[in-house]
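Side chains included, hydrogens not; waters and symmetry mates left out as well; all remaining heavy atoms used. Keep in mind the model is a prediction, meaning the values are calculated, not measured.
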Amino acid sequence: MIVRLTAAGAIVRDVDDCSALHLETDLEGAKLRAALLTTDTGVADGEHVWLDLAMLRTRAHLLATAQDWPARWAAMVRRARDEGRLSADGRSVQVSVVPLDPGPPRRARPAAT
């Protein structure tokens, strides 16, 4: 599962794959913290990003297609707890932050003659 966060907002992708939850973003520092708060996605705490599990579950559940998605979700939360990535209150999960893939390079337009 991927949470993609940009200045335009947050989307959740690949929701049926609960094995590798992470955040993709091109934002850093104050911009990242502001975007997380503005979108109700989570918080940045020093070097760590914590995603709100209730928000994530709500958004992902709307897009899930796997019949066993609830079991996949539960396994992801258990794994986060076992790895020490679940907050003390169980409301947030610590995730890795991956640079946003800008996509394939754009081809330059030929100069006008």
**Interatomic spacing from CG in Leu100 to CG in Leu5 - rounded to 0.5 Å** = 9.0 Å
**Item:** Trp50 and Leu23: CA distance, side-chain angles, deciding distance, side chain to side chain contact (heavy atoms under 4.5 Å, CB included) verdict
**Value:** CA-CA 10 Å; Trp50 297 87; Leu23 175 71; over 6 Å; no
**Request:** Could you pull out all residues at least two apart from Glu83 that satisfy side-chain hydrogen bond (donor to acceptor under 3.5 Å, both in side chains)?
**Result:** Arg85
**Message:** Is there a path of hydrophobic side-chain contacts, each under 4.5 Å between heavy atoms of I/L/V/M/F/W/Y residues, joining Val95 to Met55?
**Reply:** yes
**Asked** When rounded to the nearest 0.5 angstrom, what distance separates CG in Asp45 from CG in Leu36?
**Response** 11.5 Å
**Heavy-atom pair of closest approach, residues Arg79 and Ser19** = NH2-CA, 3.4 Å
**Complete:** Separation between CG (Leu51) and CZ (Arg91), nearest 0.5 Å, reads 15.5 Å
**Item:** Val49 with Leu27, same ILVMFWY side-chain cluster at under 4.5 Å
**Value:** yes
**Asked** Closest heavy-atom contact between Gln67 and Pro70?
**Response** O-CD, 3.9 Å
**Asked** How many angstroms lie between atom NE2 of His48 and atom OG of Ser96, to the nearest 0.5 angstrom?
**Response** 11.0 Å
**Asked** Does one hydrophobic cluster hold both Val77 and Leu63, with members joined at side-chain heavy-atom distances below 4.5 Å?
**Response** yes
**Message:** Checking Val12 now: which residues fulfil side-chain contact (heavy atoms from CB on, under 4.5 Å) with it, not counting sequence neighbours?
**Reply:** Met1, Val3, Val15, Leu56, Arg59, Ala60
**Message:** Just verifying a value: how many Å separate Thr25 OG1 and Ile2 CD1, rounded to the nearest 0.5 Å?
**Reply:** 13.0 Å
**Straight-line distance of Thr39 OG1 to Asp52 CG, nearest 0.5 Å** = 10.0 Å
**Message:** Using the side-chain contact (heavy atoms from CB on, under 4.5 Å) criterion, which residues pair with Asp16? Sequence neighbours excluded.
**Reply:** Ala64, Thr65, Ala66, Trp69, Arg72
**Message:** When you group the ILVMFWY residues by side-chain heavy-atom contacts below 4.5 Å and let the links chain together, are Val43 and Leu53 in the same group?
**Reply:** no
